[in-house]
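Let me begin by presenting the structure, written as structure tokens, before commenting on it.
Worth knowing before you read on, the calculation uses all heavy atoms, side chains too, and leaves out hydrogens, waters and symmetry mates. The chains referred to below are lettered A, B, ... by the order of the sequence lines, with proteins before strands, and numbering in each begins at 1.
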2 protein chains.
Amino acid sequence: MTAMSEPADDDAPRRRTGGRSARVRSAVLQATIAQLLEVGYDRLSVHEVAAAAGVAPTTVYRRWPTRAELILAALQELSAVAIEVPDTGTLEGDLRSLIRSIAATVGQPALRPVQRSIAALPDDVAGEYRRSFWADRLDRTSAVVERAIARGELPEGTEPSHVLELLIAPIWFRLIISDTPLDDDALDRWVRAAIAAA
Amino acid sequence: MTAMSEPADDDAPRRRTGGRSARVRSAVLQATIAQLLEVGYDRLSVHEVAAAAGVAPTTVYRRWPTRAELILAALQELSAVAIEVPDTGTLEGDLRSLIRSIAATVGQPALRPVQRSIAALPDDVAGEYRRSFWADRLDRTSAVVERAIARGELPEGTEPSHVLELLIAPIWFRLIISDTPLDDDALDRWVRAAIAAA
DNA sequence: TCCCTAACGCAACATCTGTAGCGTACTGAC
DNA sequence: GTCAGTACGCTACAGATGTTGCGTTAGGGA
């Protein structure tokens, strides 16, 4: 997290981000995701990832010194997908639509190993990423709550992130912590709970 | 998860659970916890655990073939602690007391590596444990909600586990998923939310 | 106390993981 | 096109991880 994009040192090496390097990076991260999906965090082998990417193991180790850093990079790549914010005209409609689309994508059992990997990464490696990712996610969906406030469905001064956090938390609790399947009744209940809380 | 404690086979080996075996088991699991707290999931070395426990590495491998199984066993040992259920006379008082004591114990930063380990364990190893653990946890604290129903604070037919799940989920979301610190304002908000939802 | 054998220790080994040095290829600026 | 130097491939290797076989210790029933 360096604040400046241009280092102060004038003898700084000129990094190469295009061409071969870009192809290597892409291939390795893609192979990492594939391995994660297949065998999970602790059975992931850097050598096998390198082989699958058609790259020498040493190359992988040089760019991502630890497995945690490699996995983090792969996950960052994967989580860069956009999220669409619904606009149904009512808060309940919006939240219901939102939670269902989240549950549909994130609830897929095949993704569980990947999600567990994010949770497993130590704080000093992934802490900053997790915080900024969720701050961004909650911020991007805050429009739903802000429109509800404008419509008078929610009192002035309601904090959007609080509402959305309450909506989303139970999903992840079930997926990662309590290892319990999601059901539509629960989703609706959490929508009503988030509204009632605000 | 064999249903019977006594195998049907009459030539079944008579397991030895006491004496030396018990000491070895205890020492190894204790050393595992210590390692988990110190270096976390993926840097945990079975050889070092064995050394710390004063035991041969092969002994550890024989009893717990994979690191995941070893860690699971250690966590089961650790999570066997009892939870005290408050009784303040009001639902809000009870939930506030409950969430504060949970946050105080589980919120300690030093425990984060251990918690991440639970989350990291693959479903086929720890799934059954996680489900039964949380079913039990929610069941043990359900008295709080049942008393509130009896007092007329909550409508008849309210499902205790739903209320408690909603209360607890945000804690774990912050600790494991969004990596955000807990604050007292948030705890109070979640108490009110859980009540409002029911 | 005796005896059977489960559970452990030890040594030797096969495999996997990560590092270091050096030569080569490709990038990107001129 | 030219060229400096970054990023990669390759080989060799050090160390960690996990397995196998066999001898030894000690638990627990008789």
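- The minimum heavy-atom distance between A/S79 and A/R137, with the atom names listed, is O-NH1, 4.4 Å.
- Each of A/R63, A/E69, A/R62 was scored for a side-chain contact (heavy atoms from CB on, under 4.5 Å) with A/P65, with one residue passing: A/E69.
- Judged by closest nucleotide on DNA chain D, A/V55 is the one of B/V46 and A/V55 placed further toward the 5' end.
- Within 6.0 Å of atom CD in A/E153, more than 12 heavy atoms from other residues, nucleotides or ligands are found, so the atom counts as buried in its surroundings.
- More than 12 heavy atoms of other residues, nucleotides or ligands sit less than 6.0 Å from atom CZ of B/R151.
- In the set D/dT20, D/dG9, D/dG18, D/dG9 carries the atom at the smallest distance from any side-chain atom of A/T59.
- As judged by a 4.0 angstrom heavy-atom cut-off over every strand, A/R23 is placed among residues touching the sugar-phosphate backbone only.
- Separating the NE2 atom of A/H47 from the C1' atom of C/dT17 is a distance of 6 Å, rounded to the nearest angstrom.
- Residue B/W64 contributes atom CH2, which lies 12 Å from atom P of C/dA7 at whole-angstrom precision.
- Rounded to whole angstrom, the span from the CZ atom of B/R67 across to the C1' atom of C/dT17 amounts to 12 Å.
- Not a single donor-acceptor pair, N or O on each side, falls under 3.5 Å between the base of D/dG9 and the side chain of A/R20.
- Atom CD of A/E69 is separated from atom P of C/dG18 by 12 Å (rounded to the nearest Å).
- Here A/T17 lies in heavy-atom contact (under 4.0 Å) with sugar-phosphate atoms only.
- When the side-chain nitrogen and oxygen atoms of A/Y61 are compared with OP1 and OP2 of C/dT19, none of them lie within a distance under 4.0 Å.
- Within a 6.0 Å sphere centred on CD of B/Q115, other residues, nucleotides and ligands contribute more than 12 heavy atoms.
- Applying the 4.0 Å criterion to OP1 and OP2 of C/dC10, one finds that B/T58 has every side-chain N and O outside that range.
- In this structure, A/R25 places its CZ atom 13 Å from P of D/dA7, rounding to the nearest Å.
- Residue A/R62 places a side-chain atom within donor-acceptor reach of the base of D/dG9, judged by atom type and a 3.5 Å distance cut-off alone.
- Taking 4.0 angstrom as the limit, A/R63 places a side-chain polar atom (N or O) nearer than this to OP1 or OP2 of D/dC8.
- C/dT17 atom P lies 11 Å from atom CG of A/D42, rounded to whole Å.
- Per the geometry, CG belonging to B/L44 stands 14 Å off C1' belonging to D/dG18, to the nearest Å.
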